[in-house]
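Comments concern the structure below.
Quantities reported herein were computed from a predicted structural model and do not represent experimental measurements. A note on names: the letters A, B, ... follow the listed sequences, proteins ahead of strands, and every chain is numbered from 1.
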There are 2 protein chains.
Amino acid sequence: MSIGTVDRVLHNRGEVAESTKKKILKIIEELDYQPNFLASTLASKKSAVFATLFPEPPSAEGYWNKPFIGVKKRISELKPYGIQIEHFTFNQPDSKSFAAEAKKIVELQPDGVVLAPFFKKESVHFIEQLKENNIPFVFIDSEIKNAGHLSYIGQNSYQSGFVSAKLLDLSLRTGNIMVIHFAKEMDNQNHLVQREIGFYDWFQVSNKEKHEIFTTEIADTDTDLWMEKIKKEITEKNIRGIFVTNSKVFYVGRMVEKYGLSDLKIIGHDLLKENTDFLKKGIVQFLICQRPEEQGYNAINKLFRNVVQKRKVSEENYTSIDIVIKENIDYYKEFK
Amino acid sequence: MSIGTVDRVLHNRGEVAESTKKKILKIIEELDYQPNFLASTLASKKSAVFATLFPEPPSAEGYWNKPFIGVKKRISELKPYGIQIEHFTFNQPDSKSFAAEAKKIVELQPDGVVLAPFFKKESVHFIEQLKENNIPFVFIDSEIKNAGHLSYIGQNSYQSGFVSAKLLDLSLRTGNIMVIHFAKEMDNQNHLVQREIGFYDWFQVSNKEKHEIFTTEIADTDTDLWMEKIKKEITEKNIRGIFVTNSKVFYVGRMVEKYGLSDLKIIGHDLLKENTDFLKKGIVQFLICQRPEEQGYNAINKLFRNVVQKRKVSEENYTSIDIVIKENIDYYKEFK
DNA sequence: CTGAAAGCGCTTACAG
DNA sequence: CTGAAAGCGCTTACAG
């Protein structure tokens with residue numbers, strides 16, 4: 001039995017007689033042999049290529065820069081392994097651009113993919129092709145169930161709505177509540193809906209009937225027209241609490257400043273610069289945060305461990321639902 | 001110029017003529033040479049030994065198991081580097097046992113140390129010796145300022161008290177507040193004091209004078225005698241909120257159950273099993289958490305990056321001040 | 001189907 | 001002070 005033969009059974013490369021294979025397997029077992037992956041990666045000069053498919057952030061302050069910061073961090077740590085990253089982005093409201101970028105990725109034939117499955121139909125089509133090509137993929141941010149993904153990394157959106165409800169109730173003596181979706185194409189943004197359902201359910205379960213809850217969708221924020229409407233509703237409906245289901249709570253902050261509104265308790269998501277500014281000013285009371293940098297970092301790590309190190313990885317990876325207030329914000333900002 | 005000579009200047013091992021050294025350095029510069037640490041660690045079969053010095057947890061559920069879980073996690077990930085870990089523990093109230101274990105560590109001459117500097121005087125003496133022997137060390141949990149440590153990993157205790165105050169105030173319409181230290185030898189447990197100061201300061205700064213605050217120290221919990229006393233005070237002083245400065249809030253939970261007290265808002269620290277049970281029952285409202293497993297993990301990682309990989313590491317590493325409630329607890333429990 | 005050899009990018013004695 | 005050689009634990013052609 002030479003070292004070459006052993007290597008062949010170790011990696012199932014065939015060309016080994018069944019009898020010797022058995023013999024070798026037995027010895028491996030007895031010795032509890034653990035391959036040294038330093039030596040392994042050094043010798044096999046093959047380097048993996050990973051592709052990411054995220055929404056294009058509208059600016060350098062946009063949410064979707066954050067997961068990519070984590071991606072780059074892990075890639076740079078993995079430098080000696082020579083892993084390449086190819087980053088693809090699509091226009092957030094445009095499912096065609098998603099499909100177009102997905103196609104490019106299939107053509108590239110990478111060794112692994114991280115994607116935010118924003119558009120259900122297009123995502124399903126994409127991952128069918130990935131599966132045909134035996135390319136493992138990780139979902140980030142939101143999830144398609146039973147899709148054959150290697151892993152999902154993101155928040156449990158329903159539970160996050162639950163948390164928001166609890167916090168708003170805690171802060172509110174009286175008055176009603178408005179839930180605001182700043183979004184187009186709500187059908188596809190399933191996690192916003194999940195947050196809303198969780199929010200309503202908490203009040204249901206807790207049997208707190210002192211607040212009435214209204215939901216509004218705002219698709220167009222190009223002008224300030226929506227502000228007029230919302231402001232009117234706030235007065236008419238005696239709104240004292242506002243829950244914004246995504247990272248756009250800064251719009252509400254701007255409205256509050258514009259009209260000099262007071263006595264509102266406001267809760268939103270994600271530590272965008274403008275959001276944290278409003279938190280520090282005391283205009284926004286709570287931000288729910290999901291550590292997006294960590295999500296990007298972990299997604300790459302999953303691929304690395306699976307593709308390069310051939311290890312098993314866990315499928316569900318819910319990130320924590322962090323409650324951020326003025327008093328603890330400073331310990332959430334930096335990603336190291 | 002042979003590869004051996006190049007290696008000598010790369011690692012400052014001397015025995016190189018000044019002129020050739022300069023020449024080599026110049027070429028390294030031009031090529032932007034980056035050593036391949038896979039090859040490096042593979043070839044140099046030296047393995048580091050790290051030592052940890054933590055308090056002995058009273059049981060398998062004790063707080064100090066958690067940092068050690070993180071330590072073991074990182075060590076196991078670093079297995080190919082062959083890093084050894086030697087774990088030392090001292091009895092929490094006994095400074096002599098701390099000193100004795102510290103002495104053992106100095107005799108061991110490890111390549112790096114992680115310690116919880118519980119006893120100021122003994123810790124200072126210990127780190128003097130570490131410095132003499134050129135052994136880098138990382139503080140965990142609490143910190144001695146300007147001690148020449150490689151890094152500190154833990155919470156900003158003052159700020160954490162601030163957060164607790166804010167949350168308790170949010171939950172409390174009326175009534176007074178009791179701060180409880182379950183601790184012996186308070187002088188040495190500086191972070192408990194810091195939390196208390198932060199707690200008081202928040203009420204000061206926020207100018208909320210609706211609650212009066214009382215502080216109590218409970219050194220002896222071997223019997224339930226303290227419960228009588230506290231229960232009496234709660235009634236006499238109209239206490240509606242309780243802040244426990246460390247992980248022992250389960251004692252208060254037990255008291256609440258024993259006497260069937262109600263209408264108390266209680267906040268404590270750390271996700272011990274018994275604490276999270278009380279949180280889920282609704283007896284404790286908030287737990288402030290500091291990700292102790294992550295602290296252990298990161299402490300070893302700092303040593304690894306500095307000692308093995310010879311990289312610079314950042315000195316201050318405040319962990320986040322996590323606000324844990326019934327609704328988000330499930331996403332804080334597992335450490336992966 | 002099997003084995004011997006070269007090489008991955010470094011480190012470590014050792015001869016000169 | 002300098003260079004040539006062996007070796008770390010693996011992978012990868014290639015000869016048989």
Would you say the side chain of A:Phe98 lies within less than 4.5 Å of the side chain of A:Ser123, judging by non-hydrogen atoms?
yes
Got more than 12 heavy atoms from elsewhere within 6.0 Å of NZ, B:Lys103?
no
Can you list the stems that DNA chain D is part of, where a stem is at least 3 pairs in a row, each Watson-Crick or G-U, with both distances below 3.5 Å?
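Expected stems, ordered by start: C:1-3 with D:14-16, C:5-12 with D:5-12, C:14-16 with D:1-3.
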Kindly write out the residues that satisfy salt bridge (Lys or Arg N to Asp or Glu O under 4.0 Å) with B:Glu101, not counting sequence neighbours, or none if the list is empty.
B:Lys104
Parallel under 30°, tilted from 30 to 60°, perpendicular over 60°: which one fits the rings of A:His149 and A:Phe137?
tilted
For D:dC8 and B:Tyr81 - does any side-chain N or O of the residue sit under 4.0 Å from the phosphate oxygens OP1/OP2?
no
Quick one: B:Leu42 CG to C:dC10 C1', roughly how many Å, whole number?
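In whole Å, C:dC10 C1' lies 8 Å from B:Leu42 CG.
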For the side chain of A:Ser59 and the backbone of A:Glu61, is there at least one donor-acceptor N/O pair under 3.5 Å apart?
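Looks like yes, one N/O pair under 3.5 Å.
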